[in-house]
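For reference, the structure is listed below as structure tokens.
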Amino acid sequence: MGKKEKQEFLVGVFDNEGKLISAIDTLRAKGLKIHDVYTPYPVHDLDVHLGFKRTRLARAAFLFGITGTTLAITMQSYMLGFAWPMIIGGKDHIAVPDFVPVTFELTVLCASLGMVATFLISNGLGPGKKALMFDPRSTDDKYVMAIDLGKNSKFTKEEIEKMLLDNGVSEQPKTKEV
Amino acid sequence: MQMTSPVREPLVLRQIHDKNRKTTMHDVTNDICRQVEAAPNVRWLAALGISLIVLAYGSYTLYRTWFFGIGEWGLNKTVGWAWDITNFVWWVGIGHAGTLISAVLLLFRQKWRASINRSAEAMTIFAVLCAGSFILMHMGRPWLAHWALPLPNTYGSLWVNFNSPLVWDVFAISTYLTVSAVFWYVGLIPDLATIRERATNPISKFVYGILSFGWDGSTKTWARYEMVALVLAGLSTPLVLSVHTIVSFDFATSVIPGWHTTIFPPYFVAGAIFSGFAMVLTLMLITRYVFKLEPYITLTHIESMNKIILVTGSIVGIAYITEFFIAWYSGVPYEQYAFINRMFGPYWWAYWAMMSCNVISPQFFWFKAMRRNIYATFALSIVVNIGMWFERFVIIVTSLHRDYLPSSWVMFWPTYVDIGDYLFSFGFFFTCFFLFAKFLPVINMAEVKTILASSDEDASTYYAEEEKQSKESAH
């Protein structure tokens, strides 16, 4: 495989959540495309301000959950009803009320594990994965905005830099090649 | 009439060494990462050393249990469940607080959970592992533990009995352990990334690099993270209630007088929350002192937890009294005898220890001064867990030791192996907890930063504005 072409990013650092949000709104209104924003904690509705789609993870969890329910009911009915039917305490072979606890547990187990696996895969997270950090302080107390210069060809680098400085970045924007 | 609502006490206090300075996000990072980055100190090494010694002694008795069989215990033909199941139920109960704090309190938007959820969840995981170890011990032949799972086998595919609460327990406990561990780890990832970015030593950079899964804190990652936390909380809430419900079914679905009680599920769940919060308080007060976390774990946190102890302790007290009433009201002589025997029989001391520790002692928390007193809280948190251990002992042993036939009446006394196996669980629990406290951040930094961000200037200006308006309208 050939070497990936380097992308050039302009990195703006904010030290306040309010300034960050108003900067995002102003910059996007001016037509600037923001690559991503990196924050030390989940900032509410940041994805909405950036115009990202809402996550559909909850639907994935629901699907994994009903898979677990189906699996549990099928497993218990097959094992006690067909594979080796036994009379236990005078109950039916398929004693539905007795199957409720295991069905519930397997539903929760499948939904949780399935959703967390989806979460890790969709974010590209996993043991040994390397993080792309524009500024390490985004895991401490700074809000870091990355702007892909290649995707904003209608502005020059200097123009974007000025836009950032006018909109409350706390220090001179830096360039980073990835 | 004019009423001004009092401003809520802050969840994060000012810095200890400089009372004039508000705690900033950078302070949070520094304060929490400090103990991870510093070299282990003598106090920590001593604490770990003692835990390891206890663990070593427990491992010896565990070896005797597994090598010579459970005949090493004080069990007999009449009392077939005693210390092992008492310890199992006790540890499972303790393991309820973590998920309750992180899941139920998240759904109720109780922000004070942010600085205690991490260590409470860790405690949950270790407590459930301890509980599981007693099931493995009780099996006598732990190498056949997989027989509890519905696996295809060579006996013509003889499956497990899904009508049995013991099989439900296998599913409930293992699901609970898995989901709690996953919930805990997902919450750890962002904080591990913080430690990774700060690490100067190449070994820690490498290790925390692997553990942090390449977390970068981008917008989408956080949005999905919040969704995962919310859905996992929604799933864990019924899960945590189901676990102790199913544990109580082990007793409630039997026909033993004293066990055959429909009140068991809610009563066990309340008792589990009660003992779990007590254990969280015991550990948190020590951690808070050793790691100087006073700005993050405040008296408000301690008071909130004490209120939950008061509520659940009183629910447990009502459950004890209801059980008695129903035993009398049922008119069943066996049932009535079982309860009279609890109170005045040969195990009267266990019963009264349970009553005084669980029902009377939490009543001190009606007083605000007691709820906010660290020494009283610490002492009572230990008393509560002693009481909760006796509760399980009373339910299990006093219900069994007087069989239907008076010729089968016996007493149960523990052997040194019983005691050693209990010590094993303590050694294991504290070893795990001390390792956790040293190598992982004990407080969820990202969530505490959320509180700082939302309560900082905006909130104080808001409150000042509100106060001004209310004064104006009063005139």
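Each chain gets a letter, A, B and so on, in the order its sequence line appears, and its residues count up from 1.
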Identify which part of [X] has an atom lying under 4.5 Å from any heavy atom of chain A, answering side chain, backbone, both or neither.
{"X": "B:L158", "answer": "both"}
{"X": "B:P150", "answer": "both"}
{"X": "B:V28", "answer": "neither"}
{"X": "B:S218", "answer": "both"}
{"X": "B:V186", "answer": "side chain"}
{"X": "B:I246", "answer": "side chain"}
{"X": "B:P165", "answer": "neither"}

Between [options], which has the largest tally of heavy atom pairs under 4.5 Å with chain A?
{"options": "B:N161, B:T219, B:D216, B:T245", "value": "B:T219"}
{"options": "B:R224, B:M445, B:M227", "value": "B:R224"}
{"options": "B:G209, B:S242, B:P190", "value": "B:S242"}
{"options": "B:F171, B:Y176, B:F162", "value": "B:F162"}
{"options": "B:V167, B:V231, B:N163, B:L235", "value": "B:N163"}
{"options": "B:C33, B:A172, B:A223, B:A193", "value": "B:A172"}

For this session: Measure from the ring center of A:Y38 to the ring center of B:W222 and say whether it is less than 6.0 Å.
Result: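 That pair fails the under 6.0 Å test.
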Exercise. Ring centroid separation for B:F264 and B:F268, is it under 6.0 angstrom?
Worked result: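 Centroid distance B:F264-B:F268: below 6.0 Å, so yes.
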Exercise. In terms of side-chain heavy atoms, does A:T139 have a donor or acceptor partner in B:E197 at a distance below 3.5 Å?
Worked result: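 Per modelled atom types, A:T139 and B:E197 side chains form no pair under 3.5 Å.
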Region of [X] in contact with chain B, defined by heavy-atom distances below 4.5 Å:
{"X": "A:M79", "answer": "both"}
{"X": "A:F134", "answer": "neither"}
{"X": "A:K91", "answer": "side chain"}
{"X": "A:A58", "answer": "both"}
{"X": "A:L109", "answer": "both"}
{"X": "A:T118", "answer": "neither"}
{"X": "A:L46", "answer": "both"}

When heavy-atom pairs shorter than 4.5 Å are enumerated against chain B, which of [options] gives the highest number?
{"options": "A:L125, A:T55, A:N123", "result": "A:N123"}
{"options": "A:P97, A:G128, A:A61, A:A95", "result": "A:G128"}
{"options": "A:R56, A:K130, A:K53, A:H44", "result": "A:H44"}
{"options": "A:V100, A:V116, A:L80", "result": "A:L80"}
{"options": "A:P136, A:P42, A:G65, A:A131", "result": "A:P42"}

Seminar exercise, completed: Taken in chain and number order and not counting sequence neighbours, the residues that satisfy side chain to side chain contact (heavy atoms under 4.5 Å, CB included) with A:S170 are A:V13, A:D15
Are [X] and [Y] close enough that some pair of their side-chain heavy atoms sits under 4.5 Å apart?
{"X": "A:L32", "Y": "A:I160", "value": "yes"}
{"X": "A:F9", "Y": "A:L149", "value": "no"}
{"X": "A:F52", "Y": "B:K220", "value": "yes"}

Should [X] and [Y] count as an ion pair when the cut-off is N to O under 4.0 Å?
{"X": "B:E447", "Y": "B:R113", "answer": "yes"}
{"X": "A:K142", "Y": "A:D135", "answer": "no"}
{"X": "A:R137", "Y": "A:D140", "answer": "no"}
{"X": "A:E159", "Y": "A:K30", "answer": "no"}

Exercise. Does A:F119 offer a backbone N or O that forms a donor-acceptor pair with the side chain of A:S122 under 3.5 Å?
Worked result: yes
Exercise. Taking the side chain from A:S22 and the backbone from A:K19, do they hold a donor-acceptor pair closer than 3.5 Å?
Worked result: yes
For this session: Could you list the residues that satisfy side chain to side chain donor-acceptor pair (under 3.5 Å) with A:Q172, not counting sequence neighbours?
Result: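 Listed in chain order: A:E161.
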Exercise. Going by the angle between their ring planes, with limits at 30° and 60°, are B:W168 and B:F249 parallel, tilted or perpendicular?
Worked result: perpendicular
